[in-house]
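In what follows, a single structure is set out as structure tokens and then discussed.
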2 protein chains.
Amino acid sequence: MAEPLDPEMFDPVCPSSAMPIQIGDRWTAMVVLCLEGGRRRFNELRGPLRGITPKVLTQTLRAMERDGLVTRTAYDENPPRVEYELTDLGRTLLTLIAAARAWSADHLPALLEARRAHDSSPRSSLSR
Amino acid sequence: MAEPLDPEMFDPVCPSSAMPIQIGDRWTAMVVLCLEGGRRRFNELRGPLRGITPKVLTQTLRAMERDGLVTRTAYDENPPRVEYELTDLGRTLLTLIAAARAWSADHLPALLEARRAHDSSPRSSLSR
DNA sequence: CCGTATCCTAAGTGATACTG
DNA sequence: CAGTATCACTTAGGATACGG
């Protein structure tokens, strides 16, 4: 298990990463997906989560640990090694996240098109 | 259709309203649910959405209209009347929201318990 | 390698008051 | 009735630098 992650799996700027939902904060759902394949080290998570700073990743993981979504295991080695893993509770989010991604695949283009049409309409900046 | 809404249906402070997901901003999912039963007037929405201010409700509805989730119909009457209604696209969110609420019903207690246990643990404020 | 410590800004939200 | 106009505030999130 735990095959290498695509280091560019998530790019929050890229619309294809757009999710209609947010679970917890901005990164939580992505972290869950990153941990789907098994336990990961801190720096293994930083790659796929394009642009996340260590501070924010720590924050996110701490909050998830607090909520019982992940476990944190620190090995007393040098250099240090810390691994994160989904709990059973954390894994229950996977189906919900999958549903959300399915919604995006099915309907996000329509939403974006509606937005584009609205923004380019003369009425959008006028009389209300 | 359009039976009267429970004026206390949603209280963002109440944990039973807690959602594991957010769709758009803080209120969007609740607005979708409020409109599930049919078209509603502006002030009809303010009751169930406990504590929402008119400014924020307007913001939310405008954003949803822009994204093609609701339609806004203004009748030229006095006193003014404006009705909001879900579009087909907006209705596609209902199943996703239902899935989210089901997750809450099934797993939110466990999450909250994990949080409580973590917060009351002596380790939570100590050595990291 | 795995974080912390500071500092900072932008967005979201709300309170209050006012208007066509 | 259905909004707007201000003002104020909190917090998530990020940039950067440093530490065990």
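Side chains are part of it too, since the values below use all heavy atoms of this structure and drop only hydrogens, waters and symmetry mates. Residue numbering restarts at 1 for every chain, and letters A, B, ... go by the order of the sequence lines.
Distance CG (B:Asp76) to P (D:dA2): 14 Å, rounded to an integer number of Å. The distance between atom CZ of A:Arg46 and atom C1' of C:dG3, rounded to the nearest whole Å, is 9 Å. Going from atom CD of B:Glu65 over to atom C1' of D:dA2 covers 14 Å, rounded to whole Å. Between the CZ atom of B:Arg72 and the P atom of D:dA2 there is a distance of 10 Å, given to the nearest Å. Put simply, CZ on B:Arg40 is 17 Å from C1' on D:dC1, counting in whole angstrom units. One interatomic measurement links the two molecules: CG of A:Leu57 to P of C:dG3, which rounds to 8 Å at whole-angstrom precision. Distance, A:Met30 CE to D:dG13 C1': 13 Å, rounded to whole Å. Spacing between atom CG of A:Leu49 and atom P of D:dA12 amounts to 18 Å, rounded to whole angstrom units.
Residues B:Ile23 and B:Thr28 approach most closely at O-CB, 2.9 Å, considering heavy atoms. Considering all non-hydrogen atoms of both residues, A:Met9 and A:Cys34 come closest at CE-SG, 4.4 Å.
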Exercise for the section: Take A:Arg72 and A:Arg62 through the test side-chain contact (heavy atoms from CB on, under 4.5 Å) and record every step on the way to the result. Expected result: CA-CA 9 Å; A:Arg72 177 182 182 275; A:Arg62 294 279 194 272; 3.2 Å; yes
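Phosphate proximity of D:dG3 to B:Tyr84: present, with a side-chain N or O under 4.0 Å from OP1 or OP2. For the pair B:Arg41 and D:dA2, the criterion of a side-chain N or O lying under 4.0 Å from OP1 or OP2 is met. Contact annotation: A:Arg81 side-chain N/O to C:dG3 OP1/OP2 distance is not under 4.0 Å.
Proximity of A:Leu45 to A:Ile52: side-chain heavy atoms (C-beta onward) are nowhere separated by under 4.5 Å. Within the 4.5 Å cutoff, the side chain of A:Val32 has heavy atoms near those of the A:Leu94 side chain.
For the atom pair CE of A:Met30 and CG of A:Asp11, the computed distance is 8.5 Å after rounding to the nearest 0.5 Å. The CG atom of A:Leu108 sits 10.5 Å away from atom CG of A:Asp106, with the distance rounded to the nearest 0.5 Å. Distance CD1/A:Ile21 to CG/A:Leu96: 5.0 Å, rounded to 0.5 Å.
Figure legend: cation-pi geometry between B:Arg81 and B:Tyr75, with NZ or CZ positioned under 6.0 Å from the six-membered ring centre and within 45° of its axis.
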Nucleotide N/O of nucleotides 10-14 of chain C paired with protein N/O under 3.5 Å:
{"residue": "C:dT13", "atom": "OP1", "partner": "B:Arg26", "partner atom": "N", "Å": "2.9"}
{"residue": "C:dT13", "atom": "O3'", "partner": "B:Arg26", "partner atom": "NH1", "Å": "3.0"}
{"residue": "C:dG14", "atom": "OP1", "partner": "B:Arg26", "partner atom": "NH1", "Å": "2.3"}
{"residue": "C:dG14", "atom": "OP1", "partner": "B:Arg26", "partner atom": "NH2", "Å": "3.4"}
{"residue": "C:dG14", "atom": "OP2", "partner": "B:Trp27", "partner atom": "NE1", "Å": "3.2"}
{"residue": "C:dG14", "atom": "N7", "partner": "B:Lys55", "partner atom": "NZ", "Å": "3.1"}
{"residue": "C:dG14", "atom": "O6", "partner": "B:Lys55", "partner atom": "NZ", "Å": "2.2"}

Protein N or O to nucleotides 17-20 of chain D N or O, pairs below 3.5 Å:
none

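Axis angle, first five pairs versus last five pairs of the helix from C:dC1-D:dG20 to C:dG20-D:dC1: 50°, rounded to 10°.
When heavy atoms are screened at a 4.0 angstrom cut-off, B:Tyr75 is found touching no nucleic acid atom at all.
Salt bridge B:Arg116/B:Glu113: present, at least one basic N to carboxylate O contact under 4.0 Å. The pair A:Glu83-A:Arg39 meets the salt-bridge criterion, with a side-chain N (NZ, NE, NH1 or NH2) lying under 4.0 Å from an Asp/Glu carboxylate O.
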